[in-house]
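Structure, as C-alpha cells:
What you are looking at is a predicted structure, and each value in this text was computed from that prediction instead of being measured. Count residues from 1 along the sequence.
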Amino acid sequence: MKKAISIRSVIPNIITVLALSLGLTAIKFSLVENFHNATICIVLAAILDAADGRIARLIKGTSKFGAELDSLADFVNFGVAPALMIYIWNLNLYGNLGWVITLIFIICCCLRLARFNLSSGVTKSPWLDNFFTGVPSPAGAGILLLPIIISLGDFSYFFIEINHLPIAIVLFSSFLMVSKIPTYAFKKIKVTKAYILMIMLSSVLLFGFLINYTFNTLFILGTVYLLSIPISFFHFKYLKKKHNLKSNSKESLISEDVL
C-alpha cells in the first residue's frame with residue numbers, strides 16, 4: 001500500500017513550481033525583448049522563493065524533495081534566466097566575450113548553490129544564522145539586473161556616460177555570489193510589538209511604491225542592499241570577535257534563505 005503524501009509537503013512545492021514557471025516565463029519575455037515583463041517575473045519569482053521555505057517550516061511541510069526542487073528552481077530563476085536577459089539586452093553586442101561573461105555568472109550561481117547543498121547539514125552557532133556567506137542567488141540576480149532596471153526607470157541619465165557598465169555589474173555580481181563576504185540573512189530578526197504597526201505601514205507604503213514606481217523602487221532597494229554589504233561585513237567582524245570564533249573554525253557561514 002502506497003504511503004499518502006501530506007498536503008503540507010505539497011503546498012511549498014507548488015509555490016516553488018510557480019516560481020520556476022515565472023523564471024521560465026522571464027526567458028520567454030526576454031526572447032521577444034520585453035524586458036519590462038521579464039524583470040517583473042524575476043521579482044515575483046524572488047518573492048515566491050522567499051515564501052516557500054518559510055511556509056514549509058511554518059506548516060511543518062519541509063522535505064528533501066522540496067529542498068532539491070527549490071535549489072534547481074533557484075538555478076533557473078536566478079542563474080539562467082537573468083543571465084540570458086542581460087545577454088539578450090546588451091552583452092550580445094560584445095560577441096563571444098559577452099557570452100563568456102554570461103557563462104561566468106551562470107556558473108558562479110551554480111557553484112554557490114552547490115556549495116550550499118553540501119553544507120546544509122553543518123552545525124553552527126545560532127548567531128551565524130543571521131549571515132550568508134556571500135550574496136544569495138536571488139540578490140545576485142537583482143544586482144545583475146540593475147542595468148536593465150536603470151534603463152527602465154528614471155535614473156538612466158546618471159549612468160549614460162559609463163561605458164561597459166553591464167559587463168562590470170555581471171562580473172561584480174558573480175564575484176559576490178562565490179565570495180566569502182558575510183551578508184545579512186534577516187532570518188531570525190525578532191520584532192517587538194511596538195514596531196509591528198510601523199512595519200505593517202512601511203510594507204504597505206513599499207508595496208504602493210512598487211506598484212506605481214516599480215523600477216525606481218527596485219533601483220533604490222538594490223542600492224540600499226549594496227550599501228548594506230560593507231555594514232554586514234564589519235558587523236560580522238565585531239560579532240566574530242565578541243564570540244571568539246576562530247578563522248579556522250569548523251562552523252560554516254554558508255546559508256541560504258530558501259530552506
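Residues satisfying the ring-ring contact (aromatic ring centres under 6.0 Å, His included) criterion with Tyr94, sequence neighbours excluded, are His164. With sequence neighbours excluded, the residues satisfying ring-ring contact (aromatic ring centres under 6.0 Å, His included) with Tyr184 are Phe131, Phe186, His235.
Annotation: side chain to side chain donor-acceptor pair (under 3.5 Å) contacts involving residues 27-39, sequence neighbours excluded, are absent.
The main-chain N or O of Ile143 is never found under 3.5 Å from a side-chain atom of Ser173 such that the two would form a donor-acceptor pair. Between the side chain of Ser232 and the main chain of Pro182, a donor-acceptor pair closer than 3.5 Å is present. Under the 3.5 Å distance criterion, the side-chain polar atoms of Arg112 are left unmatched by any main-chain donor or acceptor of Gly140.
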Candidate pair Val76 and Leu24, rule side chain to side chain contact (heavy atoms under 4.5 Å, CB included), full reasoning: CA-CA 7 Å; Val76 175; Leu24 294 171; 3.8 Å; yes

Show your reasoning for whether side chain to side chain contact (heavy atoms under 4.5 Å, CB included) applies to Phe105 and Cys108. CA-CA 5 Å; Phe105 178 85; Cys108 285; 5.8 Å; no

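Between Ser137 and Phe75, every side-chain heavy-atom pair lies at or beyond the 4.5 Å cut-off. Taking 4.5 Å as the limit, every side-chain heavy atom of Ile149 sits out of range of all side-chain heavy atoms of Asn216. Two residues are said to be in side-chain contact when any heavy atoms from C-beta on lie closer than 4.5 Å; Leu206 and Leu221 meet this criterion.
Here the CE-SG distance, from Met85 to Cys41, works out to 8.5 Å after rounding to the nearest 0.5 Å.
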